[in-house]
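The structure appears below as structure tokens.
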There are 2 protein chains.
Amino acid sequence: MDLRQLRYFLAVAEEGQVTGAAKRLNMEQPPLSRQMKLLEEELGVTLFDRSGKRLALTNAGMLLQRRAEQLLRQFQETIEEVHGLDEGILGALSIGCVVSCFSLLPQRIERFHEQYPDITFKIHEGDHFLLGEQLEKRNLELVVARLPFEAAADPERYSILRLPSDPFVALLPDSWSQAADSRKLGMAELAQYPLLSLKSNLTTGMHNRMMEAFREAGQEPHVLCECSSITVILSLVAAGIGATILPKSVIASLPLPGIAMRELALTPFYSEVGLIWIKDRYLSKIARNFIEMFGE
Amino acid sequence: MDLRQLRYFLAVAEEGQVTGAAKRLNMEQPPLSRQMKLLEEELGVTLFDRSGKRLALTNAGMLLQRRAEQLLRQFQETIEEVHGLDEGILGALSIGCVVSCFSLLPQRIERFHEQYPDITFKIHEGDHFLLGEQLEKRNLELVVARLPFEAAADPERYSILRLPSDPFVALLPDSWSQAADSRKLGMAELAQYPLLSLKSNLTTGMHNRMMEAFREAGQEPHVLCECSSITVILSLVAAGIGATILPKSVIASLPLPGIAMRELALTPFYSEVGLIWIKDRYLSKIARNFIEMFGE
DNA sequence: CCGCAGTATACCTTATAGGTATACTTTTAC
DNA sequence: GTAAAAGTATACCTATAAGGTATACTGCGG
């Protein structure tokens with residue numbers, strides 16, 4: 001049994017005759033008669049009562065009529081739904097994000113949601129390597145992370161949309177600095193404080209950039225603690241344990257009390273953020289739309 | 001898009017590769033690859049992400065997978081349901097019945113219901129001509145009526161299952177006869193009473209049979225009232241207006257108080273009942289099953 | 001870098017849907 | 001009652017598209 005046959009059957013059932021149905025279907029009567037016979041044979045069921053030139057539906061025929069209408073409607077809906085999904089009207093977008101970039105998402109998600117209200121988001125947090133792995137497994141389509149993307153063994157494999165860069169700032173406990181103190185902080189001064197750095201077995205980018213900045217200023221800082229997570233660092237700063245250097249946007253998403261921000265004297269010292277996906281792999285229309293909007 | 005293509009798609013989606021799916025489908029790999037490509041083209045959608053030799057489903061693919069499973073399941077259910085209906089496991093049976101035969105139905109319906117619990121009945125009451133008309137219009141599949149079936153202009157058009165015959169009896173008001181009086185009633189005695197007969201413009205069979213019985217006994221009865229309906233006759237008997245002759249089974253279904261029954265001296269005087277349907281026309285399996293059981 | 005496993009392309013074969021001609025059946029009109 | 005009309009069924013042909021075979025192409029693992 002075939003969808004075509006169901007469509008034919010419905011036409012015949014509605015017209016009450018083969019000839020009229022054939023006209024409606026833009027075909028001749030004999031093939032349609034044959035299809036009806038084949039359908040009956042395949043189902044092993046008598047669908048029409050052929051007494052005289054008119055065809056009346058049997059019980060089985062009436063049931064099939066109802067069911068066929070239902071099936072064809074659902075079929076049509078499926079096509080439209082699948083189509084809509086590919087066009088990026090429906091569906092879900094899975095995005096991975098590094099904690100330090102969270103602040104970039106909310107307003108963009110809101111804007112996207114206004115334009116595509118039926119899209120839902122799935123947001124995963126993790127470090128570069130975790131996110132890279134999920135990207136490979138197709139659990140994520142896009143990743144927002146600091147550049148360079150450390151999971152990128154082969155940079156050619158990824159496409160990256162670079163975002164406006166973000167200055168590094170110093171973060172230190174409130175108690176160490178007057179709130180009114182708006183002077184830029186020199187690296188020498190900062191090097192006097194115990195420092196906290198973002199570093200784990202795998203993710204060393206931020207740590208390296210910080211150390212580099214100190215080295216350029218001729219300073220040898222004292223790293224009190226290497227932390228694997230930004231939230232840990234910020235808690236420690238708020239608790240008065242140490243100071244650190246982080247991209248300015250970080251504190252927008254995690255505004256803990258007890259932390260003072262000071263601009264750095266060192267210029268230019270910027271962090272770059274990128275929207276990352278795997279090149280030459282299928283990207284949903286949703287994701288493509290999101291990328292387009294993300295850059296604006 | 002075609003159901004075959006959906007089945008193919010599901011196999012490929014589950015296997016995660018075309019070659020394996022082709023094996024499962026007992027076909028070769030190239031045609032299957034082509035079908036998948038055609039499906040994608042027809043839907044205007046990318047279903048698979050072909051990076052490397054493995055095929056991964058896109059969002060649209062995953063949606064189609066869910067929908068396709070659903071559709072195919074419903075499709076299968078439809079086939080089974082239609083099949084079941086034709087086999088007389090499900091559905092409804094429309095029966096027409098003359099009032100005088102009602103008493104034959106209850107026990108038979110009960111027995112049928114035990115064997116086919118999902119079958120429902122639609123029972124219509126009427127005279128021979130009304131029932132004949134409904135039979136022609138296919139609103140009824142079967143009719144239970146006294147024989148001969150008066151609507152049968154062409155007796156060849158109908159199939160009839162004859163049932164064990166039913167003796168005529170006299171019905172008269174209680175007050176006219178002692179309840180203990182179990183003697184057979186002679187036609188001569190009955191002819192003294194005012195009589196009620198079942199007769200309308202169209203249905204004259206019962207009236208004719210009654211008159212014939214009197215004529216054979218050499219009597220000329222006085223018919224006080226010709227009634228078109230059995231219920232009217234019985235009410236009139238109960239009210240002491242007159243006496244009548246009816247098949248014995250009639251009073252089983254309409255046991256009005258105030259009516260006495262007396263067997264007739266005249267033998268053999270029987271009424272025949274039949275289950276009637278239109279020959280050479282589609283009969284549902286339910287109806288065929290019912291006919292089979294009806295005769296037992 | 002080569003062999004392996006899988007996919008895609010090209011071309012052929014075959015099955016089946018649809019068309020044409022026509023016979024058969026029933027309804028309707030004279 | 002018969003003939004015309006309208007509809008269905010049968011027979012046979014054509015064309016389309018599905019499936020098969022051979023083979024080229026492409027990542028992946030040793």
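All chains are named by letter (A, B, ...) in the order of the sequence lines, taking the proteins before the strands, and each is independently numbered beginning at 1. Quick caveat: nothing in here was measured; it's all calculated off a predicted structure.
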Query raised in the report: F290(B) vs F121(B) aromatic rings, parallel, tilted or perpendicular, using cut-offs 30° and 60°?
Result: perpendicular
Within the sub-3.5 Å range, which N or O atoms of nucleotides 18-21 of chain C have a protein N or O partner, and how far apart are they?
unit_1  : atom_1 : unit_2 : atom_2 : d
dG18(C) : OP1    : Y8(A)  : OH     : 2.5
dG18(C) : N7     : R34(A) : NH2    : 2.6
dG18(C) : O6     : R34(A) : NH2    : 3.4
dG19(C) : OP2    : E28(A) : N      : 3.0

Query raised in the report: After noting the C-alpha distance and the side-chain angles of F48(B) and L57(B), does the key distance pass the side chain to side chain contact (heavy atoms under 4.5 Å, CB included) rule?
Result: CA-CA 5 Å; F48(B) 302 101; L57(B) 287 177; 3.6 Å; yes
To the nearest angstrom, how far is [X] atom [atom1] from [N] atom [atom2]?
X: D2(A); N: dA17(C); atom1: CG; atom2: C1'; answer: 10 Å
X: L32(A); N: dG7(D); atom1: CG; atom2: C1'; answer: 13 Å
X: Q17(B); N: dA5(C); atom1: CD; atom2: C1'; answer: 9 Å
X: M36(A); N: dG7(D); atom1: CE; atom2: P; answer: 17 Å
X: R7(B); N: dG19(D); atom1: CZ; atom2: P; answer: 12 Å
X: L38(A); N: dT10(D); atom1: CG; atom2: P; answer: 11 Å

Query raised in the report: Got more than 12 heavy atoms from elsewhere within 6.0 Å of CD, E292(A)?
Result: no
Can you check whether [X] has a side-chain N or O nearer than 4.0 Å to OP1 or OP2 of [N]?
X: T19(A); N: dT8(D); value: yes
X: K37(B); N: dT7(C); value: no
X: S33(B); N: dA8(C); value: yes

Report summary line: From the list L140(A), V144(A), L147(A), side chain to side chain contact (heavy atoms under 4.5 Å, CB included) partner of I276(A) resolves to L147(A)
Query raised in the report: Contact class for L25(A) (heavy atom, under 4.0 Å): base, sugar-phosphate, or nothing?
Result: nothing
Query - Test item: side-chain donor near acceptor, R146(A) and S100(A), under 3.5 Å - result: yes
Query raised in the report: CD1 of I95(A) to CG of L131(A): how many Å apart, nearest 0.5 Å?
Result: 11.5 Å
